[in-house]
Novice: 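Below are the structure tokens for one structure; questions will follow.
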Amino acid sequence: MFGKILPLLLAVMGLGGGVGAGLLLRPAVEEGGEAATPAVEGHAPETAGDGHAATEEGQVEGAPEYVKMNNQFVIPVVKEGRVASMVVLSLSLEVAAGNTEAVYQREPKLRDAFLQVLFDHANVGGFSGSFTDGSNLVVLRTSLKEAAALVLGSVVKSVLITDIARQDG
């Protein structure tokens, strides 16, 4: 009996440890948000060729930002009452410019919403067979984007699956 619960228990402990480490190691935020760049008199800001001003780091203002979720998602795939495999995913969010900190502030709620979608996807067989098939991933991305929109609103443009792996047991 304990042998059947051990993989699930290890996955939950790893997920909890990862979330805790992510929260503790998150970069500090300066008061007042991002530091403003001083304007030099007589010089207009450089543009990126599309009419958007470029920042000192070379990032284009108004261009979307990409926010990597701090930890991977571990999803058990259960068949006939036992864990048959584990799926590990890494996700990033494409958000409107200037909203990176909003994502990190709501990350626990966002992770919860994503885990619910991922567990539901696993329960309907989404991670069985050829789980990396384009149509399967489109369904998964769409569901993840809808969940992100419930937490963050229209800030989220897209959810990107940056890594995915399945370990069969």
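Just so it is clear, the values below take in all heavy atoms, side chains as well, and ignore hydrogens, waters and symmetry mates. These numbers come from a predicted model, not from an experiment.
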Novice: Write down the atom of Val151, the atom of Ala113, and the distance for their closest heavy-atom approach.
Specialist: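 Val151 and Ala113 have their closest heavy atoms at CG2-CB, 4.1 Å.
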
Novice: Evaluate the side-chain contact (heavy atoms from CB on, under 4.5 Å) criterion for residues Ser85 and Lys79: first the C-alpha distance (whole Å), next the side-chain angles of each, then the deciding distance (0.1 Å), finally the verdict.
Specialist: CA-CA 9 Å; Ser85 58; Lys79 287 187 182 174; over 6 Å; no

Novice: Under a single-linkage definition using a 4.5 Å side-chain heavy-atom cutoff for Ile, Leu, Val, Met, Phe, Trp and Tyr, are Val117 and Leu137 assigned to the same hydrophobic cluster?
Specialist: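 Yes: a chain of side-chain contacts under 4.5 Å links Val117 to Leu137.
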
Novice: Are the side chain of Glu65 and the backbone N or O of Gly98 linked by a donor-acceptor pair below 3.5 Å?
Specialist: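 Yes; judged by distance alone, with no hydrogens or angles, the pair exists.
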
Novice: Which residue pairs pass the salt bridge (charged side-chain N to carboxylate O under 4.0 Å, His left out) test when at least one of the two sits in residues 130-145, sequence neighbours left out?
Specialist: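 Residue pairs passing salt bridge (charged side-chain N to carboxylate O under 4.0 Å, His left out), neighbours aside: none found.
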
Novice: Test your reading of the model: is there a side-chain donor-acceptor pair from Asn136 to the backbone of Thr132, 3.5 Å cut-off?
Specialist: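 Judged by distance alone, no pair lies under 3.5 Å.
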
Novice: Side chain to side chain contact (heavy atoms under 4.5 Å, CB included) with Leu89: which of Val74, Ile75, Leu144?
Specialist: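 Exactly one candidate clears the test, Ile75.
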
Novice: If you compare all heavy atoms of Gly126 against all heavy atoms of Phe131, which two are closest, and at what distance to 0.1 Å?
Specialist: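 Reported closest heavy-atom pair: O-CB, 3.5 Å.
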
Novice: Starting at CZ of Phe73, measure out to CZ of Phe119 and round the result to the nearest 0.5 Å.
Specialist: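 Interatomic distance, Phe73 CZ to Phe119 CZ, rounded to 0.5 Å: 10.0 Å.
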
Novice: For Asn99, which of Val155, Val156, Val67 qualifies under side chain to side chain contact (heavy atoms under 4.5 Å, CB included)?
Specialist: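 The side chain to side chain contact (heavy atoms under 4.5 Å, CB included) with Asn99 is passed solely by Val155 among Val155, Val156, Val67.
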
Novice: Decide yes or no on side chain to side chain donor-acceptor pair (under 3.5 Å) for Asp112 and Gln116, but give the supporting numbers first.
Specialist: CA-CA 6 Å; Asp112 178 64; Gln116 186 61 56; over 6 Å; no

Novice: Check for a donor-acceptor pair, side chain of Arg111 on one end and backbone N or O of Asn71 on the other, with a separation under 3.5 Å.
Specialist: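 Checking the backbone N and O of Asn71 against the side chain of Arg111, a donor-acceptor pair under 3.5 Å is found.
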
Novice: Would you sort out whether Leu91 and Ile161 count as a side-chain contact (heavy atoms from CB on, under 4.5 Å), showing the intermediate values?
Specialist: CA-CA 5 Å; Leu91 299 176; Ile161 301 171; 3.8 Å; yes

Novice: Considering all heavy atoms of both residues, which atom of Ala148 and which atom of Leu110 are nearest to each other, and what is their separation?
Specialist: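 Taking every non-hydrogen atom into account, CA-CD1, 3.7 Å.
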
Novice: Which residue pairs satisfy the ring-ring contact (aromatic ring centres under 6.0 Å, His included) criterion with at least one member in residues 143-165, sequence neighbours excluded?
Specialist: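 Qualifying pairs, neighbours excluded: none.
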
Novice: Can you give me the closest heavy-atom contact between Ala102 and Leu152, atom names plus distance?
Specialist: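 Nearest pair, atom of Ala102 first, then Leu152: O-CD2, 3.9 Å.
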
Novice: Please find the pair of heavy atoms, one from Phe127 and one from Ile164, that lie closest to each other, and give the distance.
Specialist: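 Phe127 and Ile164 have their closest heavy atoms at CE2-CD1, 4.2 Å.
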
Novice: Take Tyr66 and Thr100 through the test side-chain contact (heavy atoms from CB on, under 4.5 Å) and record every step on the way to the result.
Specialist: CA-CA 8 Å; Tyr66 298 93; Thr100 298; over 6 Å; no

Novice: Can you get from Leu93 to Leu115 by hopping between Ile, Leu, Val, Met, Phe, Trp and Tyr side chains that sit under 4.5 Å apart?
Specialist: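 Linked within one cluster.
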
Novice: On a heavy-atom basis, which atom in Ser90 and which in Lys68 lie closest, and how many Å separate them?
Specialist: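 Heavy atoms only, the tightest pair is CB-NZ, 4.0 Å.
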
Novice: Pairs in or reaching into residues 157-169: which pass side-chain hydrogen bond (donor to acceptor under 3.5 Å, both in side chains), with residues at least two apart or in two chains?
Specialist: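 As it turns out, the side-chain hydrogen bond (donor to acceptor under 3.5 Å, both in side chains) pairs with a partner in residues 157-169, which skip direct neighbours, are Arg166-Asp168.
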
